[in-house]
Protein chains: 4
Amino acid sequence: MMPSDKTILLVPAPRKVADIFTENQLERLRALGELRIHDDAPPTQAEFEALAPRLKILIGQIDMPESRLRMAPHLRAIFNVEGNFLPNIDYGCAMSRGVRILNISPVFAEPVAEAALGMAIDLARGISRSDRYFREGTEKYGLDANRGAYSLRQQNVGFIGFGDLGRAIVPLLAPFHPLVKVHDPWLSREYIRSFGYEAATLEAVLTSSKIVFVVAGVTSENQGFLGREAFASMQAGASLVLVSRAGVVDFEAMLDVAATGHIRVATDVFPVEPLPLDHRARRADSLLLSPHQAGALNATLAGIGAMVTSDAELISRGLPPCLCKVAQPETVALLRSKPVDKS
Amino acid sequence: MMPSDKTILLVPAPRKVADIFTENQLERLRALGELRIHDDAPPTQAEFEALAPRLKILIGQIDMPESRLRMAPHLRAIFNVEGNFLPNIDYGCAMSRGVRILNISPVFAEPVAEAALGMAIDLARGISRSDRYFREGTEKYGLDANRGAYSLRQQNVGFIGFGDLGRAIVPLLAPFHPLVKVHDPWLSREYIRSFGYEAATLEAVLTSSKIVFVVAGVTSENQGFLGREAFASMQAGASLVLVSRAGVVDFEAMLDVAATGHIRVATDVFPVEPLPLDHRARRADSLLLSPHQAGALNATLAGIGAMVTSDAELISRGLPPCLCKVAQPETVALLRSKPVDKS
Amino acid sequence: MMPSDKTILLVPAPRKVADIFTENQLERLRALGELRIHDDAPPTQAEFEALAPRLKILIGQIDMPESRLRMAPHLRAIFNVEGNFLPNIDYGCAMSRGVRILNISPVFAEPVAEAALGMAIDLARGISRSDRYFREGTEKYGLDANRGAYSLRQQNVGFIGFGDLGRAIVPLLAPFHPLVKVHDPWLSREYIRSFGYEAATLEAVLTSSKIVFVVAGVTSENQGFLGREAFASMQAGASLVLVSRAGVVDFEAMLDVAATGHIRVATDVFPVEPLPLDHRARRADSLLLSPHQAGALNATLAGIGAMVTSDAELISRGLPPCLCKVAQPETVALLRSKPVDKS
Amino acid sequence: MMPSDKTILLVPAPRKVADIFTENQLERLRALGELRIHDDAPPTQAEFEALAPRLKILIGQIDMPESRLRMAPHLRAIFNVEGNFLPNIDYGCAMSRGVRILNISPVFAEPVAEAALGMAIDLARGISRSDRYFREGTEKYGLDANRGAYSLRQQNVGFIGFGDLGRAIVPLLAPFHPLVKVHDPWLSREYIRSFGYEAATLEAVLTSSKIVFVVAGVTSENQGFLGREAFASMQAGASLVLVSRAGVVDFEAMLDVAATGHIRVATDVFPVEPLPLDHRARRADSLLLSPHQAGALNATLAGIGAMVTSDAELISRGLPPCLCKVAQPETVALLRSKPVDKS
């Protein structure tokens with residue numbers, strides 16, 4: 001490899017290089033420029049200033065205000081390896097300078113979709129609840145075990161939000177031939193129809209669905225938008241699967257309505273993690289508790305390196321990226337409000 | 001409807017007519033002949049003898065020895081509404097007389113397949129176990145919760161048995177693009193290949209699969225054929241989903257191997273139901289316990305009437321049935337050894 | 001291989017052994033018994049009588065009246081390798097003796113389905129017609145070429161008949177999300193609904209469909225049942241794809257209605273083959289002519305041996321066949337009226 | 001509707017408003033601002049200057065140099081309704097000002113994909129050629145008609161280019177379970193693998209595929225990149241389906257190799273349209289000629305209005321578009337070299 005006049009800066013915190021990149025992928029990055037890795041601490045301002053003039057690609061979520069962007073005239077891309085867009089970048093400045101801002105959130109879509117399907121079947125068919133009753137010695141058998149059980153097949157299913165994650169659930173549901181309504185105010189009805197689904201109001205999704213997947217991200221506009229009335233408006237016995245962010249629901253209201261037995265809830269996310277040991281959610285009968293594990297497979301982390309490396313190669317060749325999520329000028333300001341992420 | 005010279009005898013025990021037939025379906029049966037319903041007790045021998053000369057279709061699993069078959073010269077079909085083939089019919093005699101023997105077991109295939117998928121995701125991703133830990137206050141989060149977790153995606157999957165139930169799982173797995181091996185000694189490799197799957201020995205299925213679906217029925221030849229060595233030969237961390245009959249496994253050996261943590265097991269069937277309250281299975285960590293509920297949805301029972309009615313209509317018109325399982329002369333003697341059934 | 005006391009008789013006429021069996025398949029047949037091949041002429045009556053006492057499996061469509069069946073007490077199966085059920089077997093006698101009668105018609109389903117899809121797209125989009133106009137120098141371009149063209153996508157599609165062939169078309173159409181009506185008087189509405197399709201009258205299929213697949217076999221009851229009124233009742237511009245038997249349509253009426261431009265027709269079958277050189281069909285503008293080629297690929301013939309061999313193995317082991325079509329007592333008498341076949 | 005201070009300028013040439021927008025869609029556009037339609041002639045410079053200060057959305061492909069962009073401070077989006085990116089826009093200037101540049105080319109993907117599938121089956125199975133022989137009186141039947149025919153099933157298939165159009169072919173091929181190689185230098189191997197396909201060199205695609213779909217657009221870099229050697233390197237009897245642009249092939253070389261019978265070719269595009277009447281392509285036996293009709297259905301044009309209207313609504317609400325193709329800064333300069341278009 002020839003010495004390069006370009007620098008690739010890799011600052012994986014809070015992850016570690018070895019968790020997300022293989023040796024082969026690092027080698028591929030080295031082929032794009034001089035690879036500078038800061039695995040333990042971010043570069044100091046002095047270190048940053050020293051490398052900025054040759055900085056081509058930044059992998060990591062260090063602060064990038066206008067002042068730093070201006071120091072890096074050859075910068076082409078910034079990859080967030082947690083999976084979100086943070087408020088520590090001056091997006092407007094970066095975009096006007098032609099810098100791509102990307103994150104690896106699509107890597108979580110498939111594992112979370114699989115877990116969401118497992119949770120939906122669990123709630124509909126009473127799988128974990130029957131296992132619990134068995135352990136308590138109170139199980140019933142056959143038809144008696146299945147009071148209130150239903151199948152996903154040809155069921156009314158609703159999506160609240162329909163981004164990468166919602167779309168990853170689509171093929172998994174296809175064999176069940178569901179009738180699907182989607183509420184996502186950022187998408188057009190024509191786009192939703194292109195999946196064979198129907199665009200609907202939030203109210204229509206809630207009241208007509210037997211199974212509701214909550215896959216909307218938190219934005220500065222939709223904090224806690226699913227509250228007591230929303231849950232109460234759902235059908236008796238309906239299932240709610242929450243796998244995006246706890247911030248989109250009024251968690252206490254959700255527990256209240258589940259406690260009445262009106263709805264069943266599976267949640268992978270919590271307002272505080274770890275959840276306090278004495279939290280009532282731990283004793284709720286209509287609840288399936290998943291400790292933020294839906295996306296965090298080892299194989300998922302391994303996919304991050306592949307995604308970043310291949311898009312970095314494309315960008316280095318002057319081509320658009322094709323796997324990472326690209327920050328859109330219209331929405332990045334709304335999305336970047338929430339620094340937490342899938343593990 | 002004109003008075004008919006043919007009789008349809010409906011003896012639904014151990015089910016009830018109202019559980020499996022709608023009024024509309026009963027009306028359709030009446031259009032085929034005089035419908036005689038014995039909902040509480042089977043007909044006495046005298047009652048049977050009185051109606052036998054005009055008997056055209058028998059729905060129910062009363063004894064049908066050669067003597068009774070000979071009394072019913074117009075009999076065309078016998079439908080078992082439990083879902084199996086019992087030894088109380090003289091199959092050879094019936095078949096030589098052109099009597100179709102059918103059962104409604106295909107109605108269970110889809111609900112059991114859905115539950116089996118839910119169980120497979122549960123074992124692979126640790127869904128019910130994490131819920132249990134949550135309730136015990138010992139849950140971990142994110143990657144820490146996922147030690148040993150894996151995805152179904154592009155996984156090595158094995159089937160032991162590949163009848164109606166196995167084939168109903170095929171479309172549900174398709175979105176995960178698994179690599180599938182099938183062991184079913186009753187099927188040809190060419191047939192299995194027609195699904196894009198590979199026919200394999202029992203040993204190959206056990207040792208190469210991360211997830212094994214046991215969907216073989218019990219026959220007079222395969223009682224307990226999955227024993228200690230079989231389970232020990234599986235991969236560390238592999239999942240076994242047992243949804244057909246407890247009789248095909250050595251249940252204690254299965255629990256022993258699961259207790260070591262070598263494999264994870266989900267079972268919908270048990271050697272004795274209800275399981276004794278002090279049975280160690282109730283405390284096993286690597287076990288998912290399902291109280292024979294995989295097939296017994298109310299909607300499943302409702303499907304029985306549709307299946308029987310539509311096939312009875314076809315048979316009355318001199319056409320072959322198309323939904324019920326038809327007893328095959330080669331295998332019915334092997335299958336009819338086990339009188340228990342789903343629900 | 002030990003000398004066997006059982007005989008497999010292989011009389012492939014009108015095919016040749018080498019066209020349908022590989023050496024490996026013949027070896028597998030030899031493992032089932034002594035393989036006697038009559039590739040050029042059928043066995044004489046004396047030859048037949050000599051081997052009948054040990055005859056276990058007959059592959060070929062020689063005469064099998066009751067007298068011959070009685071000579072062969074160990075006969076278990078008769079395979080027709082043309083693809084039909086001929087009237088030269090005493091079916092009632094054979095069935096009462098437990099002899100399976102089978103044919104290899106399912107091997108034609110996939111290649112014919114593929115050709116039928118190609119023809120349907122051709123008619124809908126005007127592919128071969130535009131090619132013809134190009135060669136005549138009269139082609140138009142773009143929108144002007146597409147007057148009357150339509151897509152299969154979400155189209156109203158009808159099936160007349162829904163056996164192996166119809167069911168092989170189902171997965172090929174799935175990506176187009178058609179709305180399908182099926183007319184098949186031998187099937188129940190519940191069975192048709194299990195494919196997500198709607199059972200309908202012949203009239204409803206004809207009048208509501210933009211594309212009609214005629215995939216019904218000829219029986220003693222349905223000769224020419226699609227006549228002038230049927231074709232006239234179709235929608236203006238609708239497409240008819242005939243890939244089963246010419247005998248189910250009034251061919252001249254079909255040409256008449258196509259000649260008016262009211263419908264478009266693709267046909268793989270003809271009342272007489274070869275079609276007379278001066279036949280008006282050769283000059284029809286709304287017609288796509290296919291010389292009985294939809295099923296007759298070399299790869300299709302090669303599949304016959306695999307199908308027969310694997311089912312012969314199962315039957316020899318006392319198991320039911322799983323790939324060939326099995327003669328049903330109710331319908332074989334209706335089906336066996338037509339000795340012609342694909343190839 | 002309140003008077004608006006924003007203007008939507010609609011200049012559909014070379015299309016007509018009535019061909020691509022319904023009244024309902026125009027009403028939806030009017031809800032976004034004052035709708036100014038120039039159906040017959042583009043606005044004069046004076047007219048443009050008068051409305052520029054309030055111009056919010058431009059639908060149409062009029063010249064937009066920097067000078068005009070600067071006059072329109074509120075401009076948010078420019079929609080090309082032909083389906084391409086033309087060189088008459090200053091893309092760099094527009095993008096730095098936050099103006100989205102879009103085209104409706106995705107609307108052509110599905111109809112072209114369907115036609116491409118029809119052409120592929122046609123070439124593989126000899127559909128239009130047999131029809132032609134029939135009309136000439138030289139047809140053969142059955143196996144004799146099928147010399148050299150093959151099925152798409154489990155076939156080696158190659159894609160040259162893999163944009164919207166290639167991806168629209170994917171689901172149509174899925175039922176045939178092909179083994180697919182893709183050559184697209186703008187995409188990463190990881191992205192291609194996410195479809196279950198293999199990224200490959202151009203040489204590997206050409207030499208290993210039985211069916212090759214050419215779906216690459218013309219760029220300033222790939223004019224005529226498929227030449228004599230490329231076609232000669234294909235397998236004997238292989239099929240080439242060209243549905244993107246004639247400019248990517250050396251058309252004469254393609255005809256030469258097809259004339260030898262080495263490959264079969266279907267083409268929807270030609271170097272000159274209409275093709276001269278005496279062009280040898282009109283007499284070629286191994287050629288399927290399609291007069292640029294693959295995408296130009298009336299229903300396709302009707303889809304343009306839906307696509308533009310719904311994306312215009314999203315952009316007006318400050319959201320990213322989701323149906324139109326968005327010009328990417330990296331590639332638009334390469335793509336905008338070719339002003340011709342479908343239909």
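Here is how names work: the chains are called A, B, and so on, in the same order as the sequence lines, proteins then strands, and each is numbered from 1.
In terms of heavy-atom pairs under 4.5 angstrom with chain D, the leader among K140(C), M119(C), E136(C) is K140(C). Ranked by heavy-atom pairs under 4.5 Å with chain C, the list D122(D), D131(D), L172(D) is led by D131(D). Among A120(C), A149(C), S130(C), the residue making the largest number of heavy-atom pairs under 4.5 Å with chain D is S130(C).
Evaluation of the salt bridge (charged side-chain N to carboxylate O under 4.0 Å, His left out) test over residues 107-118 of chain D, restricted to residues two or more places apart or in two chains, returns R125(C)-E114(D), R153(C)-E110(D).
The distance between the ring centers of F213(C) and F162(C) does not fall below 6.0 angstrom.
Heavy-atom minimum distance, Q154(C) versus L179(C): O-CD1, 4.3 Å.
Neither the backbone nor the side chain of R129(D) comes within contact range of chain C; no heavy atom of the residue lies under 4.5 Å from a heavy atom of that chain. With a threshold of 4.5 angstrom between heavy atoms, F176(C) approaches chain D through side-chain atoms but not through N, CA, C or O. When heavy atoms are compared at a cutoff of 4.5 Å, R135(D) approaches chain C by way of both its backbone and its side chain. Contact of L277(D) with chain C is made through the side chain alone, with heavy-atom distances under 4.5 Å. Heavy atoms of A284(D) lying under 4.5 Å from chain C belong exclusively to its backbone. Contact annotation for N298(D): both backbone and side-chain heavy atoms come within less than 4.5 Å of a heavy atom of chain C.
Salt bridge absent: D278(C) and R283(C) never bring a charged side-chain N and a carboxylate O closer than 4.0 Å.
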